[in-house]
There are 2 protein chains.
Amino acid sequence: MKAKPRQLYEARAKVAKALAHPSRLLMLDALAEKEMCVCDLTDIVGADQSTVSKHLAVLKNAGIVADRKEGVMIFYSLKVACLRGFWSCVEGVLMQNLKEQQAVMRSS
Amino acid sequence: MKAKPRQLYEARAKVAKALAHPSRLLMLDALAEKEMCVCDLTDIVGADQSTVSKHLAVLKNAGIVADRKEGVMIFYSLKVACLRGFWSCVEGVLMQNLKEQQAVMRSS
DNA sequence: TGCCGCTATGGCCATATAGCCATGGATGCG
DNA sequence: CGCATCCATGGCTATATGGCCATAGCGGCA
């Protein structure tokens with residue numbers, strides 16, 4: 001441990017905050033397949049284009065995605081490769097939590 | 001991919017939101033060492049006890065930590081083992097981003 | 001029983017976020 | 001040039017969050 005600087009936790013929090021929205025998580029899942037333009041992601045998310053654009057700005061600012069300009073369109077791509085494994089691990093824990101809850105329900 | 005339900009992303013977002021605060025990340029880092037009572041964590045974080053208690057409630061509600069009562073004190077412990085590896089991976093990407101930024105600075 | 005220490009909760013205010021609409025800037029095309 | 005398309009930004013409101021203070025609940029201990 002050794003007293004990591006507060007700055008480190010603020011940097012991590014910035015990343016976590018960027019992940020803390022269902023629409024952004026959906027976009028990241030889509031980008032895990034292939035790079036996409038804002039219009040693609042707007043269709044997928046089903047929100048206003050300006051809303052999607054702001055979500056993408058958050059992800060970009062956090063360093064999670066990269067953007068590439070091609071003509072009129074801007075393609076976003078995933079920069080962080082460890083998301084899939086992370087969610088898989090987290091969901092494993094959540095499933096276990098559910099099981100334990102159910103066990104408590106039955107025994108009471 | 002195949003159209004995961006919106007519910008999944010809301011569940012993930014709940015976890016991400018729980019991670020999205022420097023004080024909570026600091027607590028999780030501390031809990032990675034050993035379980036701790038609220039008083040320990042209050043000292044480490046340096047905020048009001050009620051604030052720390054609320055932070056812990058968020059982490060518990062997200063299923064990231066567990067709590068155990070022992071006499072008057074309540075000990076919290078980490079339930080998710082994949083945090084260390086995740087942050088290590090993320091910070092690798094962020095470092096790379098920094099390097100690229102510096103390269104752009106030099107070349108301009 | 002009565003007091004004290006450890007946690008949790010409610011109240012309150014300041015700030016941040018998400019959403020949409022409207023608009024602006026940039027690029028390509030005829 | 002004039003227009004259309006794609007994306008980003010500003011304005012606005014509603015809601016959520018974080019912080020502290022005050023206080024309540026709970027378990028131990030004399």
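A, B, ... follow the sequence lines: proteins, then strands. Residue 1 opens every chain.
- Within the 4.5 Å cutoff, side-chain heavy atoms of A:Cys37 are placed close to those of A:Asp40.
- Here the side chains of B:Trp87 and A:Leu8 are not in contact, with every heavy-atom distance at 4.5 Å or above.
- For residues 54-66 of chain B, proximity to DNA chain D is found at B:Lys54, B:His55, defined as any non-hydrogen atom under 4.0 angstrom from a strand atom.
- Contact of the B:Val65 side chain with the B:Lys79 side chain is not registered, since no non-hydrogen atoms from C-beta on lie closer than 4.5 Å.
- Side-chain N or O atoms of B:Thr42 include one that pairs as donor or acceptor with a backbone N or O of B:Val38 at under 3.5 Å.
- By the 4.5 Å heavy-atom criterion applied to side chains, B:Asp67 and B:Phe75 are not counted as neighbours.
- Surrounding CZ of B:Arg68 are more than 12 heavy atoms belonging to other residues, nucleotides or ligands, all under 6.0 Å away.
- With contacts defined as side-chain heavy-atom distances shorter than 4.5 Å, the pair A:Leu83/A:Leu78 qualifies.
- Taking a 4.0 Å limit (strictly below) on heavy-atom distances, residues 43-51 of chain B reaches DNA chain D at B:Ala47, B:Asp48, B:Ser50, B:Thr51.
- Between A:Val52 and A:Ile44, the closest side-chain pair of non-hydrogen atoms is not below 4.5 Å.
- Classified by interplanar angle (parallel below 30°, tilted 30° to 60°, perpendicular above 60°), the ring pair A:His55/A:His21 is tilted.
- At distances below 3.5 Å, not a single donor-acceptor pair connects side-chain atoms of A:Ser53 with backbone N or O atoms of A:Gln49.
- Residues from residues 10-22 of chain B with heavy atoms under 4.0 angstrom of DNA chain D, sorted by number: B:Lys17, B:His21.
- When rounded to the nearest whole Å, the span between CG of A:Asp67 and C1' of D:dC7 equals 11 Å.
- The existence of a salt bridge linking B:Arg6 and B:Glu10 is confirmed by a sub-4.0 Å separation between a basic side-chain nitrogen and an acidic carboxylate oxygen.
- Not counting sequence neighbours, B:Lys54 has no partner by the salt bridge (charged side-chain N to carboxylate O under 4.0 Å, His left out) test.
- Chain A approaches DNA chain C within less than 4.0 angstrom (heavy atoms of the protein), and the contacting nucleotides run 5' to 3' from C:dA16 to C:dG28.
- Judged by distance alone, the side chain of A:Arg24 and the main-chain N or O of A:Ala18 form a donor-acceptor pair under 3.5 Å.
- Residues A:Ala13 and B:Leu25 approach most closely at N-CD1, 3.3 Å, considering heavy atoms.
- As judged by a 4.0 angstrom heavy-atom cut-off over every strand, B:Phe75 is placed among residues making no nucleic acid contact.
- A donor-acceptor pair is defined here as one N or O able to donate and one able to accept, closer than 3.5 Å; such a pair exists between the side chain of A:Asn97 and the backbone of B:Gly63.
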Check the interface with nucleotides 26-30 of chain D: list each N/O to N/O pair with the protein under 3.5 Å, or write none.
from: D:dG27; atom 1: OP1; to: B:Lys69; atom 2: NZ; distance (Å): 3.4

